[in-house]
Protein chains: 2
Amino acid sequence: MGIVRVSASVSLDGFSAGPETSHEHPLGIGGERLHRWLFPDDGDRDVPAGGTGAVGDDAAVAARQYADTGAVVVGRLTYDIGVDLWGDVPFPVPTFVVTHRPHEPRAMMSATFTFVTDGVASAVAQARAAAGDRDVLVMGGAAISRQVIAADLADELLLTLVPVLLHRGERLLDHVGTGLTELERTEVVTTAQATHLRYRFLR
Amino acid sequence: MGIVRVSASVSLDGFSAGPETSHEHPLGIGGERLHRWLFPDDGDRDVPAGGTGAVGDDAAVAARQYADTGAVVVGRLTYDIGVDLWGDVPFPVPTFVVTHRPHEPRAMMSATFTFVTDGVASAVAQARAAAGDRDVLVMGGAAISRQVIAADLADELLLTLVPVLLHRGERLLDHVGTGLTELERTEVVTTAQATHLRYRFLR
């Protein structure tokens with residue numbers, strides 16, 4: 001049985017996207033900076049499945065995530081903006097889109113998209129079933145990632161800490177619980193571009 | 001000539017203190033957790049100068065900061081709460097307290113306290129002069145650290161990332177500028193307790 005992983009690139013001030021996410025600015029204004037480690041050539045465009053232009057240990061982190069992922073959970077905005085960007089999808093696996101607006105299932109090259117209207121817990125449960133022995137990757141946006149953590153559904157947090165202050169935008173970790181939530185750091189990968197920090201939620 | 005270093009222990013969600021800082025909770029409710037790496041035995045109490053109970057590489061990071069620091073800048077609340085806690089001061093160097101309320105200079109065992117009423121830039125300038133070849137340490141609270149970064153007075157940021165979510169409190173890095181502020185990671189020290197990340201502001 002796989003685990004549920006929330007994964008995001010964040011600025012040192014905790015933003016996983018800039019403000020005003022749109023087709024023009026898929027990661028919000030300034031937010032493309034957060035993915036330079038993954039797409040060093042061209043910002044957020046032209047994402048070939050399984051190969052991004054990342055190099056060295058950045059590429060190794062991306063490749064491992066690619067290999068580990070058996071299903072993906074995303075929010076509706078990420079889907080709506082992503083489908084136009086992703087020539088093929090970044091993860092060719094069953095993908096569950098959390099949304100309030102029903103939508104027919106969609107097959108898109110190597111992935112299938114299922115639209116889940118009864119909440120994030122249902123989306124994660126369906127994704128776990130679809131992932132089999134592999135992991136569920138919660139790709140974002142930040143609101144969906146926060147909901148997964150707040151509902152205590154995340155087993156692992158993979159933070160790619162990018163050495164920049166964004167000053168504004170969408171915070172990944174923003175009041176996602178009460179009391180203290182303890183984690184254990186299980187891995188650190190340092191590159192010139194970022195610090196990849198893997199944590200396990202302690203329960 | 002030394003540099004100006006903002007240094008803080010922060011939770012994964014970016015808080016350098018919990019809410020409701022007081023004499024009872026010097027780092028806010030729950031905030032003592034952030035200093036466990038430094039004071040493993042007793043939270044935030046009984047701080048001997050230059051020795052904290054930290055061990056291994058955590059102790060090495062603390063010792064280096066101690067050795068590098070020639071002057072300290074703190075806010076008034078940190079001073080007001082700190083003087084009761086610090087039997088001797090943690091840094092036996094000239095310390096500049098940014099405040100709106102004038103106060104006579106005070107000598108306290110190994111340190112002298114100067115109260116600066118004309119702003120954080122003046123406090124940093126006075127601290128730089130007093131530090132000589134050593135560095136200025138901006139110890140907090142978060143508001144003072146934010147002001148120093150926002151005024152572009154910080155050369156270095158030393159983040160001790162503690163594997164916990166605090167969910168509420170005082171954010172260290174919160175709208176401290178505009179546009180993108182680029183930094184370069186210059187050091188990573190990983191311990192069981194924390195990840196010590198040193199960054200240089202790029203100008």
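Chain identifiers are assigned alphabetically (A, B, ...) following the order of the sequence lines, protein sequences preceding nucleic acid strands; residue numbering begins at 1 within each chain.
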For the interface with chain B, which of A:Val162, A:Leu159, A:Leu166 has the highest count of heavy-atom pairs at distances below 4.5 Å?
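Between A:Val162, A:Leu159, A:Leu166, the count favours A:Leu166.
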Specify which of A:Leu183, A:Ile29, A:Ile149, A:Val188 makes the most heavy-atom pairs with chain B at under 4.5 Å.
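Option with the top pair count is A:Leu183.
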Shorter than 4.5 Å, heavy atoms on both sides: which option in [options] has the most such pairs with chain A?
options: B:Leu157, B:Val10, B:Leu12; value: B:Leu12
options: B:Gly179, B:Ala192, B:Gly14, B:Gly177; value: B:Gly177
options: B:Leu197, B:Leu172, B:Leu173; value: B:Leu173

So between chain A and chain B, what donor-acceptor pairs come in under 3.5 Å?
residue, atom, partner, partner atom, Å
A:Arg33, NE, B:Glu182, OE1, 3.3
A:Arg33, NE, B:Glu182, OE2, 2.7
A:Arg33, NH2, B:Glu182, OE1, 3.1
A:Pro163, O, B:Leu183, N, 2.9
A:Leu165, N, B:Thr181, O, 2.8
A:Leu165, O, B:Thr181, N, 3.0
A:His167, O, B:His175, NE2, 3.3
A:His167, ND1, B:Gly177, N, 3.1
A:His167, NE2, B:Thr181, OG1, 2.7
A:Arg171, NH1, B:Asp174, OD1, 3.2
A:Arg171, NH2, B:Leu173, O, 2.9
A:Arg171, NH2, B:Asp174, OD1, 3.0
A:Leu173, O, B:Arg171, NH2, 3.0
A:Asp174, OD1, B:Arg171, NH1, 3.2
A:Asp174, OD1, B:Arg171, NH2, 3.0
A:His175, NE2, B:His167, O, 3.3
A:Gly177, N, B:His167, ND1, 3.1
A:Thr181, N, B:Leu165, O, 3.0
A:Thr181, O, B:Leu165, N, 2.8
A:Thr181, OG1, B:His167, NE2, 2.7
A:Glu182, OE1, B:Arg33, NE, 3.3
A:Glu182, OE1, B:Arg33, NH2, 3.0
A:Glu182, OE2, B:Arg33, NE, 2.7
A:Leu183, N, B:Pro163, O, 2.9
A:Arg185, NH1, B:Thr191, O, 3.2
A:Arg185, NH1, B:Ala194, O, 2.9
A:Arg185, NH1, B:Thr195, OG1, 2.8
A:Arg185, NH2, B:Thr191, O, 2.8
A:Thr191, O, B:Arg185, NH1, 3.2
A:Thr191, O, B:Arg185, NH2, 2.8
A:Ala194, O, B:Arg185, NH1, 2.9
A:Thr195, OG1, B:Arg185, NH1, 2.7

Do you know which two heavy atoms are closest between B:Leu165 and A:Val176, and how far apart they sit?
CD1-CG2, 4.0 Å
